[in-house]
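Lettering of chains follows the sequences in order, A, B, ..., and the numbering in each one begins at 1.
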There are 2 protein chains.
Amino acid sequence: MGAVNLKQIAQRAGVSLATASRVLSGSDYPVKDDLRERVLEVAAQLDYVPNASARVLLRGRSSIVGVLVGDVSDPFFSGMIGGIYEVADDADYMVNVVNTFREPGKELDTLRRLREQRVDILIVAGSGLDDAAFTAGMEKSLAAFVQGGNAAVLIGHHGISDDVHAARVHFDNREAAREVAEHLRELGHQRIALITGDPRLLSTRDRVLGFRDVFGDRVIPVETEPTRDGGYEAAGTILSTRPEVTAIASTADQMAFGTLVYLRERGILVPNEMSVTGFNDIDVAKDFVPSLTSAHVPLREMGRRAMELGLQGLEGDVDDIEVMPELAIRASTGPARK
Amino acid sequence: MGAVNLKQIAQRAGVSLATASRVLSGSDYPVKDDLRERVLEVAAQLDYVPNASARVLLRGRSSIVGVLVGDVSDPFFSGMIGGIYEVADDADYMVNVVNTFREPGKELDTLRRLREQRVDILIVAGSGLDDAAFTAGMEKSLAAFVQGGNAAVLIGHHGISDDVHAARVHFDNREAAREVAEHLRELGHQRIALITGDPRLLSTRDRVLGFRDVFGDRVIPVETEPTRDGGYEAAGTILSTRPEVTAIASTADQMAFGTLVYLRERGILVPNEMSVTGFNDIDVAKDFVPSLTSAHVPLREMGRRAMELGLQGLEGDVDDIEVMPELAIRASTGPARK
DNA sequence: ATGAAAGCGCTAACAT
DNA sequence: ATGTTAGCGCTTTCAT
């Protein structure tokens, strides 16, 4: 029981702990070849793997980046995570992703667990939340983390005070939403429905605001699960209660897919009878039928940049960057029906 | 610099290290209320978070499950990972996912890093590989890991000797492929192309075998990147070089999507002029146009079961389970054109 | 009820 | 060139 440790290697090889360590830790300290070989052989034979905990304890650095997301299997997050991995891998960092399962109450908890692991870098990708106690807890935790000599990166997470010395990857959700809305307005739409996920999420809020900037009261918000099925259901509600609507927007592509499927099943033509828009522009959006008009969010790039900022943060320079929305106009939107 | 530690808490609170530990580690050891409160207060004030490394070192258990996958952002893996998280979360386990980026050479490396972290449970989800040295390395590493009192779970990873005391989640790729092939044969197809990813992957191999069981030499394998773009490209190659083909199968849905898009752009009717099949049946497959006939692989369930097996493995009982393929017949397949 | 001290596995400073 | 030892942060005996 228990993994093989250095002491066992040293004993078997008939050398001191220090010698074994010097050989196996990649130190450039000189060790005679015959001893070195003996150590190496025993280590290989027993398949010795050093204990990272002990090393971390000693060094105070873990080479682990902790990532806080809502749900790893959501393409929105897994895109970002993919970007993080790319950079982390080159920098020899392990990536430790934790799920909050979109339960905001859990976020503080998981953040703490990541801190317990003594991650060097913390990337918070879950959206902010409109909740004072939560925000305060978050700020305190992040401040203490950074205070401890680590780097924190917030992705699209405003609501956290600038006093927290964290790098940020900004994405202007409101502006992106405005572009989508503007596109619909130009097509002559007057009354639109907007399917949203949890309205307490700041990203959702901002997206709603963007639509309101253009449509004011003429946007009808419908709250649902942020999934394909949620969008499917919401579309049904909208059609039966709001016949005046000529376009259905969503705050995430998955919901728009659900809406498109619903419309397809009902034989309602898109975009002739109804326009549909998504948000985030995940990979399949362009291949869906009809291809989905969506606010493109450069997820992979955001992940990459976040990780780069984290690495820089360790060196002491905390930076802010902004990635730009870009409206992807496709086949799911057209002139409002008469 | 450096995170706050117990010693600092103890000093500030004017108590001994032991007392501080007893209060903060949730021990049921009795501590007078006034001291307890003082410690708690100081800890809250400084936002103390215990060092997991130290704890792991002491306890020998990390409550971390390590997961080895090809690529986190691939829906195939992220589905499984989602399942793992569900169970891990309930068991208070952290999930540490590492990417091999589909570079088989990296697998041994990443496995080692996970072992360094002293994960209690190891779930290997990347496919096996037809490479003796690789397999031997894998076996040795896993054996040593289990020997150390941990639990290993292999998902669809045959090729690893039964001597390795690992739990397994089996999925019969060959049988699943056979079902797809059989379906095509029944529709009258005689000549089919099969788009595959890396043929060194055992899962790919098995799927190819399943098709060969039914079609023998009449299946034309085409190797490409296991992505949407890879499938798109491969479709082009097939159409220009193999006009006799009446159906294009793929060993993963993403490639089939690419194929469908290519055919759509060329105005080739599916399934009238060409049938298309996928594999894995990821979420969007049913909503694609045309909806994709695919071998359904219960990814989420496999993840859940794997994690359950891992937890059981810690208790010493190593089990094998098998999940069943189920052919999802949809609109992308039809009778062979004349 | 409290504190002192040993020790988890490892590295690095310090002898020899 | 090799070995001995202190100590990273914590929990848990073992005194008191």
Item to check | Closest to the A:Lys32 side chain, choosing from D:dC10, D:dA1, D:dC8 | outcome: D:dA1
Next on the checklist: Tell me the interatomic distance from A:Asp33, atom CG, to D:dT2, atom P, rounded to whole angstroms.
Outcome noted: 9 Å
Item to check | Below 4.0 Å: OP1/OP2 of C:dG9 and any side-chain N or O of A:Tyr48 | outcome: no
Item to check | Residues within residues 10-22 of chain A bordering DNA chain D, heavy-atom distance below 4.0 Å | outcome: A:Val15, A:Ser16, A:Ala18, A:Thr19, A:Arg22
Item to check | Lys/Arg cation over aromatic B:Tyr29: B:Arg22, 6.0 Å, 45° cone | outcome: yes
Next on the checklist: Please report the distance, rounded to the nearest Å, between CG in B:Asn5 and C1' in D:dC8.
Outcome noted: 10 Å
Checklist entry - D:dT11 base to B:Tyr29 side chain: any donor-acceptor pair below 3.5 Å? => result no
Next on the checklist: I need the CG-P distance between B:Leu6 and D:dG7, as an integer number of Å.
Outcome noted: 18 Å
Checklist entry - For the pair made of CG in A:Asn51 and C1' in C:dG9, what is the distance, rounded to whole Å? => result 6 Å
Next on the checklist: For D:dG9 and B:Arg55 - does any side-chain N or O of the residue sit under 4.0 Å from the phosphate oxygens OP1/OP2?
Outcome noted: no
Item to check | Nucleotide D:dC10, atom C1' - distance to CD of A:Glu116 in whole Å | outcome: 12 Å
Checklist entry - Start at the 5' end of DNA chain C and walk down; is the nucleotide closest to B:Asp34 or to B:Leu57 reached first? => result B:Asp34
Checklist outcome for this item: note: A:Gln8, atom CD; C:dG9, atom C1'; distance rounded to Å ~ 11 Å
Item to check | Gap separating the CZ atom of A:Arg305 from the CD1 atom of A:Ile84, nearest 0.5 angstrom | outcome: 13.5 Å
Item to check | Rounded distance in Å - CZ (B:Arg36) to P (C:dG3) | outcome: 14 Å
Checklist entry - Please give, in whole Å, the distance from D:dT4 C1' to A:Lys7 NZ? => result 14 Å
Item to check | Student check: side-chain heavy atoms of A:Val69 and A:Val98 closer than 4.5 Å | outcome: no
Item to check | Check: A:Tyr93/A:Asp120 side-chain N/O donor and acceptor closer than 3.5 Å | outcome: yes
Checklist entry - Between B:Arg59 and D:dT12, does any side-chain N or O lie under 4.0 Å from OP1 or OP2? => result yes
Item to check | Derivation and outcome, side-chain contact (heavy atoms from CB on, under 4.5 Å), residues A:Arg118 and B:Val49 | outcome: CA-CA 9 Å; A:Arg118 290 299 184 268; B:Val49 175; 4.1 Å; yes
Item to check | Option from A:Gln147, A:Lys140, A:Arg115 for which side-chain hydrogen bond (donor to acceptor under 3.5 Å, both in side chains) with B:Asp47 holds | outcome: A:Arg115
Checklist entry - Between A:Arg200 and A:Asp198, does a salt bridge (Lys or Arg N to Asp or Glu O under 4.0 Å) hold up when you go through it step by step? => result CA-CA 5 Å; A:Arg200 287 172 307 163; A:Asp198 190 335; 2.8 Å; yes
